[in-house]
Amino acid sequence: MAMRLRFAPSPTGALHIGGARTALYNWLLARGPEAGQLVLRIEDTDRERSTAENIEQILEALRWLELDWDEGPIFQSQQAPRHHEALLELLQSGRAYRSSATADDVREWKARHGAERGFRGRAEAHGAVRLRVPDEGVTSFEDVIRGPVSFRNWHLDDPVIARADGSVLYNFAVAIDDLDAAITHVVRGEDHLSNTPKQLLVFEALGAQAPIYAHLPLLHGPDGRKLSKRHGAASVQELRDQGYLAEAVRNYIALLGWGHGDETILSTDELRRLFRLEAVSRSPAVFDERKLRWMNGRYLRALAASELAQRLEAFTGRQGLAAGAAIAHDKIQTLADFWPLAGFLYDGPADDPAARERVLGAEGAGPLLAEVRDALATAEPFDAAHLEPALRAIVERHGVKPKEVFQPLRVAIAGTTVSPGIFESVEVLGRDRTLERVEAALAR
RNA sequence: GCCGCUAUCGUCUAGGGGACUAGGACGCCGCCCUCUCACGGCGGAAACCGGGGUUCGAAUCCCCGUAGCGGUACCA
């Protein structure tokens, strides 16, 4: 029997890294050696938070990550008739009952029977619908990642599964939707571990077979707290906007809670082949953007020059970046690093007064730079291979350190002290623009 | 409070009773390369939460403690 998986985000905002990892793991399983289907379900029963923009954000994030699905998106809100039908079934069979008990009533019950004793209500003519939990026995399951997990029924409250107006609540809707979609494996975050017994009880009350569960460890920020906006690039869109490559992001987040021996760089195809739910760790992981940066650099450098140029053009919205891309290739870690490093090749020099003062204001920079200008004016052909010996000859002639010749030239053309290789940069800039900028530097 | 989950370098992890002098990766430090910044190469520092058991032997199994996290809504 093929695996049927689902990814079921609630559209309360952008897709965060934790959600992206959950989506990735489900996708990896559905596209792995065993193959299966992936159902996308939008849990939008909370109509106020589930806006069209939020839903679009999630779809956009999944598309950018290149994670596709086979069925859906199914909107939980549109399953209301079916939810209602199941609710009626439980009400009629006596597995659920109406109760007007409030939170205060529950508190009072706990005060009387002990905090560890689950709340039990009394059937009434109206009110919210609660699922009847037996007093005896345990509700347990074999979590693929955590092993046996069990809850004593005695401790469990009779959970509210529908409001007084008949609209169903999350834990009930999830169970019905998973059942209807014939989901075989529920792979989701650990924050749902405590919800599982409630959902299991719904399956049981309906006489249906529950899926297999796997609860992923949560992701934390560097401060050990649950990951949120305050931890920098926490959403998929932010990662994209900061110049990370989708394939690098997939590789990195796959490694948050899972590993394969000593391997660190794993292509998406390798991930699909090697990923195993049983090997997912049980403890929470901390998202470390520095490692993502390093990994992104690895992926960037592995790109063909033409491919890198295309990605940079898409990212910056500028055209004709091939030459700059070629000489900046080994020096950038994200697509966003390109423009600060090589933008001077396309726009004017950067504005870095401190660099100009320090490098061009120094004694002796003038005469050397004048010689550089003369060498540049006569170099033929005007390419890196011929520029290098011509400029190094000046270094030789004066017995100075190479940087004393190259840094003033760099600041003159780039406006700052950091750039791709100086000979390559000059070649790409071209003779006219280079001489123009060197003259401007000499004239100041 | 109650219910539940978790615990190896700063971080991600390998490890599943003897192969552990605890391995790899990021980061950090040093050296090399070098026109800047990177890239790359070489080397280094850096961890089994604590206490009891079980066992000839425990990072690995059990118990207790501690800490962190999650849940505890007529939210999802």
Side-chain angles (χ1 to χ4, degrees), chain A residues 8-12 43-46 48-50 76 99-103 106 110 114-119 127-130 143 145-146 149-152 154-157 159-171 173-174 189-198 215 217-218 220 222 224-226 252 255-265 279 281-295 297-298 301 328-333 337 341 355 359 388 391-392 395 401-411 414 416-423 425:
Chain A
S10 52
T12 52
E43 315 234 299
D44 60 345
T45 43
D46 181 344
E48 283 167 30
R49 287 192 289 177
S50 305
Q76 195 160 55
S99 163
S100 61
T102 62
V106 173
K110 303 260 182 189
E116 73 282 3
R117 172 55 168 146
F119 175 77
V129 180
R130 286 183 186 267
D143 190 283
I145 294 167
R146 277 148 223 288
V149 178
S150 78
F151 298 79
R152 291 179 55 189
W154 179 263
H155 294 316
L156 267 20
D157 291 335
V160 175
I161 56 177
R163 301 179 178 94
D165 67 7
S167 59
V168 302
L169 260 28
Y170 174 76
N171 283 117
V174 167
E190 197 203 324
D191 46 342
H192 289 289
L193 194 63
S194 306
N195 288 329
T196 308
K198 300 175 196 170
H215 288 93
L218 260 22
H220 291 175
R225 297 169 61 90
K226 194 177 175 182
Y252 179 71
L255 261 27
L256 251 24
W258 174 80
H260 182 263
D262 285 346
E263 306 297 327
T264 302
I265 300 292
S281 76
R282 293 168 301 266
S283 50
V286 173
F287 173 70
D288 179 11
E289 195 175 341
R290 289 176 305 184
K291 189 162 183 173
L292 204 213
R293 277 190 71 82
W294 163 80
M295 187 172 282
R298 291 280 304 249
R301 269 169 259 131
H329 207 155
D330 287 349
K331 296 175 180 290
I332 57 176
Q333 283 188 304
D337 289 345
L341 180 75
V359 179
E388 177 160 1
L391 294 176
R392 286 198 187 280
V395 173
K401 288 181 178 166
K403 59 158 40 161
E404 294 185 53
V405 172
F406 301 139
Q407 277 303 74
L409 172 58
R410 170 171 283 114
V411 174
T416 185
T417 55
V418 178
S419 83
I422 192 66
F423 315 116
S425 293

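In what follows, every chain begins at residue 1, and chains take the letters A, B, ... in the order their sequences are listed.
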| Separation of atom CD in A:Glu404 from atom C1' in B:U36, rounded to whole Å | 14 Å
Give me the distances for all protein-to-nucleotides 12-19 of chain B N/O pairs that come in under 3.5 Å?
residue : atom : partner  : partner atom : Å
B:C12   : OP1  : A:Val286 : N            : 2.9
B:C12   : O2'  : A:Leu255 : O            : 2.7
B:C12   : O2   : A:Lys291 : NZ           : 3.4
B:U13   : OP1  : A:Gly257 : N            : 2.3

| request: Begin from the C-alpha positions of A:Asp143 and A:Thr196 and carry the test side-chain contact (heavy atoms from CB on, under 4.5 Å) through to its verdict. | output: CA-CA 10 Å; A:Asp143 190 283; A:Thr196 308; over 6 Å; no
| query | If you look at every strand shown and take non-hydrogen atoms under 4.0 Å, does A:Arg146 touch a base, only sugar-phosphate, or nothing? | reply | sugar-phosphate
| request: Determine whether A:Ser283 and A:Pro217 make a side-chain contact, defined as any pair of heavy atoms from C-beta on separated by less than 4.5 Å. | output: no
| message | Give me the atom names and distance for the closest heavy-atom approach of A:Lys403 to A:Pro408. | response | O-CD, 3.6 Å
| message | How close do A:Trp294 and A:Gln333 get, counting heavy atoms only, and between which atoms? | response | CA-NE2, 3.6 Å
| query | So, A:Arg146 side chain and A:His215 main chain: donor-acceptor pair closer than 3.5 Å or not? | reply | yes
| Looking only at heavy atoms, which two atoms of A:Gln76 and A:Asp44 are closest? And how far apart? | N-OD1, 3.2 Å
| said: If I take atom CG in residue A:Leu292 and atom P in nucleotide B:G27, what distance separates them, rounded to the nearest angstrom? | reply: 12 Å
| query | Can you name the closest pair of heavy atoms from A:Ile265 and A:Arg298 and give their distance? | reply | CG1-NH2, 3.8 Å
| So what's B:A46 paired with, Watson-Crick or G-U wobble, going by both distances under 3.5 Å? | none
| Atom P, compared across B:C63 and B:U54: separation rounded to whole Å | 15 Å
| Watson-Crick or G-U wobble mate for B:U66, both contacts under 3.5 Å | B:A7
| query | With both distances kept under 3.5 Å, what pairs with B:G1, Watson-Crick or G-U wobble? | reply | B:U72
| task | Taking all heavy atoms of A:Phe287 and all of A:Leu256, pick out the closest pair and write down the distance. | result | CD1-CD2, 4.1 Å
| request: Taking atom P in both B:C29 and B:A14, compute the distance separating them and give it to the nearest angstrom. | output: 27 Å
| query | What integer distance in Å separates A:Leu341:CG from B:C35:P? | reply | 18 Å
| field | Euclidean distance for C1', B:C2 against B:U60 (whole angstrom) | value | 32 Å
| message | Using Watson-Crick or G-U wobble geometry with both distances under 3.5 Å, which nucleotide pairs with B:A19? | response | none
| So do A:Val168 and A:Ile161 actually touch side chain to side chain, heavy atoms under 4.5 Å? | no
| task | Using a strict 4.0 Å threshold on nitrogen-to-oxygen distance, state whether A:Arg152 and A:Glu116 make a salt bridge. | result | no
| field | A:Ser419 vs B:U36: side-chain N/O to OP1/OP2 distance below 4.0 Å | value | no
Within the sub-3.5 Å range, which N or O atoms of nucleotides 60-66 of chain B have a protein N or O partner, and how far apart are they?
none

| request: Find the distance A:Asp191:CG to B:G71:P and express it as a whole number of Å. | output: 6 Å
| request: Round to a whole Å and report the spacing from CD of A:Glu388 to C1' of B:U36. | output: 14 Å
| request: Identify, with sequence neighbours excluded, every residue that meets side chain to side chain contact (heavy atoms under 4.5 Å, CB included) alongside A:His260. | output: A:Trp258, A:Glu263, A:Leu266, A:Leu274
| query | Which part of the nucleic acid does A:Ile422 contact within heavy-atom distance under 4.0 Å: base, sugar-phosphate only, or nothing? | reply | base
| task | Evaluate side-chain contact (heavy atoms from CB on, under 4.5 Å) for A:Met295 paired with A:Leu255, printing each intermediate quantity in order. | result | CA-CA 11 Å; A:Met295 187 172 282; A:Leu255 261 27; 3.9 Å; yes
| Contact class for A:Asp143 (heavy atom, under 4.0 Å): base, sugar-phosphate, or nothing? | nothing
| request: Using the test side chain to side chain contact (heavy atoms under 4.5 Å, CB included), find all partners of A:Val160 that sit at least two apart in sequence or belong to another chain. | output: A:Ala128, A:Arg130, A:Leu169
| B:A38 - base-pair partner by Watson-Crick or wobble geometry, distances under 3.5 Å | none
| task | Just call it for A:Pro420: base, sugar-phosphate, or nothing, with non-hydrogen atoms closer than 4.0 Å on any strand. | result | base
| remark: Per nearest nucleotide of RNA chain B, the residue lying toward the 5' end, A:Ser100 or A:Lys403, is A:Lys403
| field | P-based separation of B:A46 from B:A22 [nearest Å] | value | 11 Å
| query | What are the two closest non-hydrogen atoms of A:Tyr252 and A:Asp288, and how far apart are they? | reply | OH-N, 2.8 Å
| task | Identify which nucleotide among B:A25, B:U72, B:C35 has an atom closest to any side-chain atom of A:Arg392, counting heavy atoms from C-beta outward. | result | B:C35
| query | Under a 3.5 Å cut-off for both distances, is B:U55 Watson-Crick or wobble paired, and to whom? | reply | none
| query | What distance, rounded to whole Å, do you find between the two P atoms, one in B:A19 and one in B:C35? | reply | 49 Å
| Taking atom NZ of A:Lys110 and atom CG of A:Asp157, what is their separation to the nearest 0.5 Å? | 3.5 Å
| request: Using the closest heavy atom to pick a nucleotide of RNA chain B for each, name whichever of A:Val418 or A:Val106 lands nearer the 5' end. | output: A:Val418
Polar atoms only, N or O, under 3.5 Å: list the protein pairs with nucleotides 2-4 of chain B and their distances.
residue : atom : partner  : partner atom : Å
B:C2    : O2'  : A:Ala115 : O            : 3.2

| task | Could you tell me the separation between the CZ atom of A:Arg410 and the C1' atom of B:C37, rounded to a whole number of Å? | result | 8 Å
| query | CG of A:Leu218 versus P of B:G70: gap in Å, rounded? | reply | 7 Å
| query | If you look at every strand shown and take non-hydrogen atoms under 4.0 Å, does A:Asp337 touch a base, only sugar-phosphate, or nothing? | reply | nothing
| said: With hydrogens left out and only the distance checked, is there a donor-acceptor pair under 3.5 Å joining A:Asn195's side chain and the base of B:A76? | reply: yes
| request: Assign A:Ser50 to base, sugar-phosphate, or nothing according to its heavy-atom contacts below 4.0 angstrom with the strands shown. | output: nothing
| task | Give the rounded distance in Å between these two atoms: CZ of A:Arg290 and P of B:G27. | result | 8 Å
| message | Measuring only the C1' atom in each nucleotide, how far is B:A67 from B:C56? A whole number of Å is fine. | response | 34 Å
| Main-chain N/O of A:Tyr170 paired to A:Thr45 side chain as donor or acceptor, under 3.5 Å | no
| task | Rounded to whole angstrom, note down the P distance from B:A59 over to B:G53. | result | 15 Å
| note | Value for CD (A:Glu190) from CD1 (A:Ile145), rounded to nearest 0.5 Å, stands at 9.5 Å
| field | Interatomic distance at P, B:U55 relative to B:A73, whole Å | value | 46 Å
| request: Any chance you could list the contact pattern along nucleotides 38-49 of chain B? Use B for base contacts, S for sugar-phosphate-only contacts and - for none, protein heavy atoms under 4.0 Å, 5' to 3'. | output: BSS---------
